[in-house]
Amino acid sequence: MRRVSIFGATGSIGQNTIDLIGRDPDAYDVVALTGGQNITQLAEDARRLRADVAVTADEARLDELRAALAGTDVEAAAGAEAIAEAAARPADWVMSAIVGAAGLRPGLVALEQGATLALANKESLVTAGALIMDTAATSDGQILPVDSEHSAVFQGLVGEDMSAVERIIITASGGAFRDWALEDMAKATPEQASSHPNWNMGQRITIDSASMFNKALEVIETKEFFKCSHEMIEVLVHPESLVHALVGFNDGALMAHVGPPDMRHAIGYALHYPERRKLPVARLDLAKIGALHFRDPDLHRYPALRLAHEVLAMGGHAGAVFNAAKEVALDGFIDHRIGFLQMAEVVEEVLERLSGSQCLKNAEMTLDTVTETDHLARKTALEVIKEQNR
Ligand code: NAD
Ligand code: MG
């Protein structure tokens, strides 16, 4: 039996992972499941999958989790320390699907104990790309991408030599506001930004899709994971969300990955890798679909994409600043403290203010240097929001 753990089990990716594992329960020995506020879901899944331990990120809700698990053998635990401890429990395959920078530490711990890390938490690579890739290289662990675009590129590279790759193209749906005028985007509400035309995802990534901060994170993720130059990475708006990515080779060939917008494909590929196994995803009828559309993104509407390339040019800890400032700006938008377009302004201002800071110049990258940078960027972002709103 394969020992598996799922971090962020109650979220969108976590639940899709549980759906796949739950279809073949005898094949898996579930070690740890973690969640946040959804104690009922966490306890229900932990009971059904007979997990060794269930952890909620919220320490205040430990008693509630204990009560929900009463009469079972499932251990209950709470807090960030307990999540890191759960990641240290030996497992063969670990899903990293916590949202935000909080996913970094459990991912590192899981790699250190030699697990295969199925990485949905793109923030890990954006915040600490060199650290997480080095940890994978020096431990017995390995990373497999779960973000649909990166899974698509990874699949396009099987049997290929990276030196023959000229470009990597990741697609973007354009999100909720792809056909909106800029002045309407300025007035957009969190509710409007929280519905995606093609994908069903957690609220934060859905809003990040509307602003293309998600695609900006993915550009950085591409650079860190595939170790290519950032000039090779292109973003293409593709409203149908069926072509997830394309790899361009030096003979002019473009290898495209086409599939339905269902995260169980990328999760299942990482779960069964290097094999391909039957997955419960829709089969596309291309004749019925008829046409696929592509266009260049308008950087004026999506400044996050420009910022991503600036971050990559800065290098080092700039990714940690970018991600942390983005998380704070997103909180501000969700809480109605700042407008939709103001998110990019806040992030740009934080990058500018911290561009000369010692944090960014730090040559060495450790969990401590990343955490320090993350905290400084969050503090600076809160100051910027306060000043901009004065
Ligand atoms: P979600 O909001 O649906 O779920 C997030 C999970 O993380 C939940 O289990 C929540 O309880 C937990 N969590 C939140 N804050 C936490 C904290 N501080 N500490 C510990 N746990 C915490 O998010 P999602 O859409 O499933 O996305 C998860 C990750 O996968 C993100 O990094 C996202 O960018 C990435 N991703 C998601 C999709 C998708 O289709 N949803 C696609 C590609 C990549
Ligand atoms: Mg993606």
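Atoms within each ligand, like the ligands themselves, are counted from 1 in listed order. Quick note: residue numbers are just sequence positions, from 1.
- Applying the ring pair (Phe, Tyr, Trp, His ring centres under 6.0 Å) test to His150 and every residue at least two apart in sequence or in another chain returns nothing.
- With hydrogens and angles disregarded, a donor-acceptor distance shorter than 3.5 Å links the side chain of Arg178 to the backbone of Ser173.
- Among heteroatoms of the N, O or S kind in Asp147, OD1 lies nearest the Mg ion (ligand 2).
- In this structure, ligand 1 sits under 4.0 Å from heavy atoms belonging to Gly8, Ala9, Thr10, Gly11, Ser12, Ile13, Gly35, Gly36, Ala57, Ile83, Ala97, Ile98, Val99, Ala102, Ala120, Asn121, Lys122, Glu123, Asp147, Met201, Gly202, Ile205, Met263.
- Proximity of the aromatic rings of Trp199 and His265 is defined here by a centroid distance below 6.0 angstrom, and this criterion is not met.
- Take the Mg ion (ligand 2) as the corner point: the lines to OE2 of Glu218 and to OE1 of Glu149 open at 100°, to the nearest 10 degrees.
- For the ring pair (Phe, Tyr, Trp, His ring centres under 6.0 Å) test, no residue two or more places apart in sequence or in another chain qualifies with His272.
- For Glu231 and Lys223, the salt-bridge test fails: no basic side-chain N is under 4.0 Å from an acidic carboxylate O.
- Residues satisfying the ring pair (Phe, Tyr, Trp, His ring centres under 6.0 Å) criterion with Phe226, sequence neighbours excluded, are absent altogether.
- Residues Tyr302 and Phe213 keep their aromatic ring centres 6.0 Å or farther apart.
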